[in-house]
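Below is one structure, written out as structure tokens; the observations come after it.
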2 protein chains.
Amino acid sequence: MKILSERPSILVVEDDREISRFISSSLSAAGYLPYVAANLVDARKLFWEVRPELAILDLGMPDGDGKDWIAELRQRSDVPVLVLSARQSEKEKVACLDCGADDYLAKPFGVEEMLARVRTALRRAAMMSLRDHVYDVSGLRIDLAAGTVTLNGKLVKLTPIEYKLLMMLAQHPGKVITYRQLLTSVWGAEYLDETHYLRIHMGRLRAKLEAVPAEPRFLLTDPGIGYRIAAS
Amino acid sequence: MKILSERPSILVVEDDREISRFISSSLSAAGYLPYVAANLVDARKLFWEVRPELAILDLGMPDGDGKDWIAELRQRSDVPVLVLSARQSEKEKVACLDCGADDYLAKPFGVEEMLARVRTALRRAAMMSLRDHVYDVSGLRIDLAAGTVTLNGKLVKLTPIEYKLLMMLAQHPGKVITYRQLLTSVWGAEYLDETHYLRIHMGRLRAKLEAVPAEPRFLLTDPGIGYRIAAS
DNA sequence: GAAAATATTTACGCATCTGATATGTCGACC
DNA sequence: GGTCGACATATCAGATGCGTAAATATTTTC
């Protein structure tokens with residue numbers, strides 16, 4: 001259970017001592033509550049401990065590429081990530097943004113701009129509705145945080161694609177997720193036309209989760225629009 | 001003959017002919033459906049007609065400051081705005097972001113970066129659109145976020161076209177939506193003359209939603225203008 | 001490297017949706 | 001009362017979209 005502090009907490013992942021000092025004192029002065037990690041291992045740990053409302057990440061970490069961490073994070077959290085980097089290359093920017101980063105700020109940058117982008121990201125995040133972390137409807141239990149699925153108490157094994165699909169649906173119980181949204185988040189933006197894949201993998205999910213796949217109780221089709229998982 | 005345009009529409013507000021050409025052709029190539037306005041007056045008009053999923057705005061418009069338009073837009077819509085500008089000053093960036101812009105890209109910029117930022121903004125917008133917006137009038141309940149329609153508690157099944165039509169109306173309860181707006185947003189700009197389609201599908205919607213289709217309580221006709229859904 | 005698991009391609013049956021055409025209704029106007 | 005224009009409804013054949021099954025390709029695992 002997260003304690004509601006009035007100051008939004010922000011995780012700063014940055015190995016350069018001087019820069020991280022500078023950033024966190026700027027954030028402090030602006031009314032935020034910064035936590036600092038100097039490498040990815042600490043960042044991972046600290047993230048789930050603090051559950052910050054935003055993460056600021058320097059790409060060049062001693063123990064790995066920050067991009068991997070973003071991708072990993074995106075599986076489990078919607079926390080906005082603001083990337084800082086000395087790398088100016090367009091390729092790098094594109095890769096980060098497509099990875100799930102919310103914004104990319106090339107060094108050197110002005111403090112004011114950074115703070116403005118932080119405000120923007122937090123403003124957006126505040127608009128997002130809070131979501132449950134467990135979907136539990138008549139025998140089907142999906143633990144979004146742990147990433148596990150049980151049917152009548154028995155663990156169900158899912159393939160990676162099935163998993164992503166189901167998580168996407170379970171994050172918004174009762175709401176239609178359009179073909180576009182599903183294809184984008186599972187396969188990527190360049191697969192918008194392959195609604196076909198969805199039919200096949202939804203079929204497989206139904207085979208695993210539904211007693212009578214032809215009459216689904218959980219995984220419902222909204223013809224022409226998308227799919228949705230039955231709400232409690 | 002069909003074409004329920006699945007391509008996300010993007011409004012480009014840019015007065016420089018050459019730049020707007022360049023941007024819109026890049027967007028087209030990337031699978032989007034760009035609409036171009038060369039000044040703020042047109043932008044205002046086009047925006048509400050097309051209802052794009054994102055707006056790209058050049059700050060320096062001949063008929064006013066783009067910032068004002070952003071602020072104005074924010075009153076009525078959550079559509080993300082990506083600002084392009086030749087002005088590099090940090091003050092300007094901060095002002096725009098705090099005004100409600102989602103992102104700020106200083107010229108000159110790479111196409112790839114622009115497209116990546118567009119993708120990022122659209123990805124976020126897709127998540128946001130899952131927030132709750134509900135039309136609920138005497139037995140008819142339209143959950144815009146979930147995309148579901150219930151009549152006296154019973155779920156009503158709609159076809160894709162019926163769905164789009166109804167959502168368009170329900171987004172603005174009590175307001176007349178013109179034939180043009182409906183045709184544009186459901187079938188596309190090239191169907192402006194087929195008001196005929198509207199009659200057929202409005203008829204089908206009434207058959208599903210009205211107790212006495214001939215005396216509609218929800219789906220009202222404004223002869224010569226358009227249709228509207230009864231306000232709460 | 002071989003075997004197993006997973007993903008993609010291809011094909012087809014079936015139900016549903018769509019828009020053309022035709023006809024019916026209502027009110028305005030002369 | 002009749003005509004006209006705008007809107008509503010009925011019917012129906014063709015198009016489209018969904019689900020499934022099987023064959024093939026790819027990735028993972030040991």
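In the text below, chain A, chain B and the rest are named by the order of the sequence lines, each starting its count at 1.
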Under 4.0 Å between any heavy atoms, over every strand shown, what does [X] touch: base, sugar-phosphate, or nothing? Just pick one.
X	value
B:H201	sugar-phosphate
B:Y163	nothing
A:T221	sugar-phosphate
A:I200	base
A:Y191	nothing

Rounded to whole Å, how long is the line connecting atom [atom1] of [X] with atom [atom2] of [N]?
X	N	atom1	atom2	value
A:L205	C:dA7	CG	P	10 Å
A:E210	D:dT20	CD	P	10 Å
B:L158	C:dT16	CG	C1'	14 Å
B:I161	C:dT16	CD1	C1'	13 Å
A:Y197	D:dT26	OH	P	12 Å
A:L220	D:dC18	CG	C1'	14 Å
B:E215	C:dG27	CD	C1'	16 Å
A:E194	C:dT10	CD	C1'	13 Å

Listed nucleotide nearest any side-chain atom of [X], set [options]:
X	options	answer
B:P213	D:dT9, C:dT21, D:dA8	D:dT9
A:P160	C:dT6, D:dG19, C:dT18	C:dT6
A:R204	D:dC12, C:dC17, D:dA22	D:dA22

(message) One pair to check against salt bridge (charged side-chain N to carboxylate O under 4.0 Å, His left out): A:E162 and A:K208. What are the steps and the verdict?
(response) CA-CA 10 Å; A:E162 285 161 13; A:K208 290 186 181 181; 2.8 Å; yes
(message) Classify the ring geometry of A:Y197 against A:Y191: parallel below 30°, tilted from 30° to 60°, perpendicular beyond 60°.
(response)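 A:Y197 vs A:Y191 ring planes: tilted.
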(request) If the plane angle is over 60° it's perpendicular, under 30° parallel, otherwise tilted; pick one for A:W187 and A:H201. (result)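 The rings of A:W187 and A:H201 sit tilted, inter-plane angle from 30° to 60°.
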(message) Any N or O donor-acceptor pair under 3.5 Å from the base of D:dT16 to the side chain of A:R199?
(response)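 By the distance-only test, no, there is no pair.
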(message) For D:dC7 and B:T195 - does any side-chain N or O of the residue sit under 4.0 Å from the phosphate oxygens OP1/OP2?
(response)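 Answer no for this pair, as no side-chain N or O of B:T195 is under 4.0 Å from OP1 or OP2.
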(request) Ignoring backbone atoms, test whether A:W187 places a side-chain nitrogen or oxygen under 4.0 Å from the OP1 or OP2 oxygen of C:dT8. (result)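 Checking A:W187 against C:dT8: at least one side-chain N or O falls below 4.0 Å of OP1 or OP2.
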(request) Run through A:T221, A:T178, A:D222 and flag the one making a side-chain hydrogen bond (donor to acceptor under 3.5 Å, both in side chains) with A:R228. (result)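 Checked A:T221, A:T178, A:D222 against A:R228; only one passes side-chain hydrogen bond (donor to acceptor under 3.5 Å, both in side chains): A:D222.
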(message) Less than 4.5 Å apart, side chain to side chain, heavy atoms only: is that true for B:V134 and B:R141?
(response)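 B:V134 reaches B:R141 side chain to side chain.
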